[in-house]
**Q** 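Pasting a structure here, questions to come.
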Amino acid sequence: MMERAGEAQGEVVSPGKYARIERERRFLLAGPPAPSTVTVIRVITDRYLVGTRLRLRRAERSDVGGCELKLTQKVPVDQPGAVQGLITNTYLSQAEYDLLASLPAAVLYKTRFSVPPLGVDVFDGPLEGLVLAEAEFTGDEEALAFVPPTECVAEVTDDARFTGGRLVGASRQELLAWLAEYGIRPGTAQ
């Protein structure tokens, strides 16, 4: 059986003492945010290392120059709601990033627009037309109290199809079918 990117089949992973709880809610949007609402733009390349729960990220910021390089481990939980699981980040040098980037991976490309309180991801390649917003929280009460902006078409926090590890392996046809379930048809007037 072939393992999907971002998964370590049948392995139990100890979160370790440096992992933190990741709380976020995810929402579908019909289109990208208005330019006047954007505070920061990052061009992101995510490499999901095959057979692991590891993601290698390159996030470039044109406004200040340079980029952020990091290795992330995500250990998901099987429960509904904002708690997505445990996350551990390690920041990398260019040489470390280059070495890890030579490993087999499934790659996902997106542009992240910061539109407080949301990060809005506009995807490229086979995922073109997908606009996914997320809001992150420090506590459960904050997550439960969050009222999404009116631009949010549907909440997909509990829909595992809209996680990076799953999206990176999705075909164009799968994505279009998933979006249609929420009444979104990329390339057509909403």
Side-chain angles (χ1 to χ4, degrees), residues 5-6 20-49 53-74 76 82-92 94 97 100-101 105-138 142-143 146-170 172 175 178-179 182 184 186-187 190:
R20 68 170 176 81
I21 295 173
E22 181 180 40
R23 288 179 185 86
E24 67 180 22
R25 290 177 59 190
R26 290 184 304 279
F27 305 91
L28 292 174
L29 278 67
S36 62
T37 63
V38 176
T39 59
V40 176
I41 299 173
R42 292 177 185 85
V43 177
I44 296 174
T45 302
D46 283 337
R47 299 179 57 80
Y48 289 84
L49 302 182
R53 291 184 177 102
L54 301 175
R55 179 189 70 203
L56 189 60
R57 172 169 283 175
R58 176 183 194 88
E60 299 179 38
R61 279 186 60 174
S62 58
D63 60 335
V64 295
C67 66
E68 178 181 81
L69 307 170
K70 66 182 175 179
L71 180 66
T72 301
Q73 179 192 48
K74 289 190 172 194
V83 174
Q84 298 297 300
L86 298 170
I87 185 170
T88 308
N89 287 307
T90 301
Y91 293 86
L92 304 172
Q94 185 66 56
Y97 177 89
L100 293 169
V107 183
L108 186 143
Y109 301 97
K110 61 188 178 183
T111 301
R112 176 164 293 163
F113 299 92
S114 293
V115 183
L118 300 172
V120 179
D121 292 337
V122 176
F123 291 80
D124 295 328
L127 300 179
E128 184 177 341
L130 173 60
V131 181
L132 190 60
E134 63 182 42
E136 295 185 6
F137 309 97
T138 56
E142 180 187 11
F146 180 74
V147 177
T150 57
E151 299 82 25
C152 296
V153 174
E155 182 162 0
V156 291
T157 300
D158 294 329
D159 190 335
R161 298 175 297 182
F162 293 97
T163 60
R166 182 76 184 273
L167 286 169
V168 74
R172 179 84 182 145
L175 174 69
W178 298 344
L179 291 175
Y182 290 98
I184 298 173
Q190 295 296 311

**Q** Before giving the answer on side chain to side chain contact (heavy atoms under 4.5 Å, CB included), spell out for Val120 and Val38 the whole-Å C-alpha distance, their side-chain angles and the decisive distance to 0.1 Å.
**A** CA-CA 9 Å; Val120 179; Val38 176; over 6 Å; no
**Q** Please report the closest heavy-atom contact between Ala59 and Arg42, naming both atoms and the distance.
**A** CB-CD, 4.4 Å
**Q** Any side-chain to backbone donor/acceptor pair from Arg166 onto Ala160? Under 3.5 Å, distance only.
**A** no
**Q** Distance from Ile44 atom CD1 to Tyr109 atom OH, nearest 0.5 Å?
**A**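 Answer for the CD1-OH pair, Ile44 versus Tyr109, is 13.5 Å.
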**Q** Should Leu71 and Leu100 be marked as a side chain to side chain contact (heavy atoms under 4.5 Å, CB included) after you check the CA-CA gap, both sets of side-chain angles, and the distance that decides it?
**A** CA-CA 9 Å; Leu71 180 66; Leu100 293 169; 4.1 Å; yes
**Q** Please step through side chain to side chain contact (heavy atoms under 4.5 Å, CB included) for the pair Ile21 and Leu86, ending with a clear verdict.
**A** CA-CA 5 Å; Ile21 295 173; Leu86 298 170; 3.9 Å; yes
**Q** Tell me, do Leu130 and Leu167 make a side-chain contact under 4.5 Å, heavy atoms counted?
**A**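 Touching, per the 4.5 Å side-chain cut-off.
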**Q** On a heavy-atom basis, which atom in Cys152 and which in Pro148 lie closest, and how many Å separate them?
**A**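 Residues Cys152 and Pro148, closest heavy atoms: SG-CB, 3.9 Å.
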**Q** Atom CG in Asn89, atom CD in Gln73: separation rounded to 0.5 Å?
**A** 10.5 Å
**Q** Nearest 0.5 Å please: distance from the OG1 atom of Thr163 over to the CD atom of Glu134.
**A**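 These two atoms lie 11.0 Å from each other.
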**Q** Name each donor-acceptor pair under 3.5 Å that joins a side chain in residues 23-34 to protein atoms two or more places apart or in another chain, with its distance.
**A**
unit_1	atom_1	unit_2	atom_2	d
Arg23	NE	Asp140	OD1	2.7
Arg23	NH1	Thr138	O	3.1
Glu24	OE2	Arg26	NH1	3.3
Arg25	NE	Glu155	OE2	2.8
Arg25	NH1	Ala143	O	2.8
Arg25	NH1	Phe146	O	3.0
Arg25	NH2	Glu155	OE1	2.7
Arg26	NE	Phe162	O	3.2
Arg26	NH1	Gln84	OE1	2.7
Arg26	NH2	Thr157	O	2.8

**Q** Can you tell me which residue pairs pass the salt bridge (Lys or Arg N to Asp or Glu O under 4.0 Å) test with a partner in residues 82-91, sequence neighbours excluded?
**A**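 Sorted result for residues 82-91: empty, none.
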**Q** Considering all heavy atoms of both residues, which atom of Ile184 and which atom of Pro186 are nearest to each other, and what is their separation?
**A**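 Result for this residue pair: O-CD, 3.8 Å.
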**Q** Write down the atom of Tyr182, the atom of Val153, and the distance for their closest heavy-atom approach.
**A**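 Closest approach of Tyr182 to Val153, heavy atoms only: O-CG1, 3.9 Å.
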**Q** Which atoms form the tightest heavy-atom contact between Ala101 and Leu56, and what is the distance?
**A**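 Minimum heavy-atom separation between Ala101 and Leu56: N-CD2, 3.4 Å.
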**Q** Please report the shortest heavy-atom distance between Tyr97 and Arg57, naming the atom on each side.
**A** CE1-O, 3.8 Å
**Q** Looking at CD of Glu22 and CD of Glu136, how far apart are the two atoms once the value is rounded to the nearest 0.5 Å?
**A**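 Rounded to the nearest 0.5 Å, the CD-CD separation comes to 6.0 Å.
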**Q** Please check: side-chain N/O of Thr39 versus main-chain N/O of Ser114, any donor-acceptor pairing under 3.5 Å?
**A**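 Checked: pair present.
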**Q** Please table the atom pairs, donor to acceptor, closer than 3.5 Å between any side-chain atom in residues 121-129 and protein atoms at least two apart or in another chain.
**A**
unit_1	atom_1	unit_2	atom_2	d
Asp121	OD1	Arg112	NE	2.6
Asp121	OD1	Arg112	NH2	3.4
Asp121	OD2	Lys110	NZ	3.2
Asp121	OD2	Arg112	NH2	2.9

**Q** Is the shortest heavy-atom distance from the side chain of Lys70 to the side chain of Thr72 under 4.5 Å?
**A**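 In contact.
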**Q** Report the distance from atom CZ of Arg55 to atom CG of Leu49, rounding to the nearest 0.5 Å.
**A**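 Between Arg55 CZ and Leu49 CG, I get 10.5 Å after rounding to 0.5 Å.
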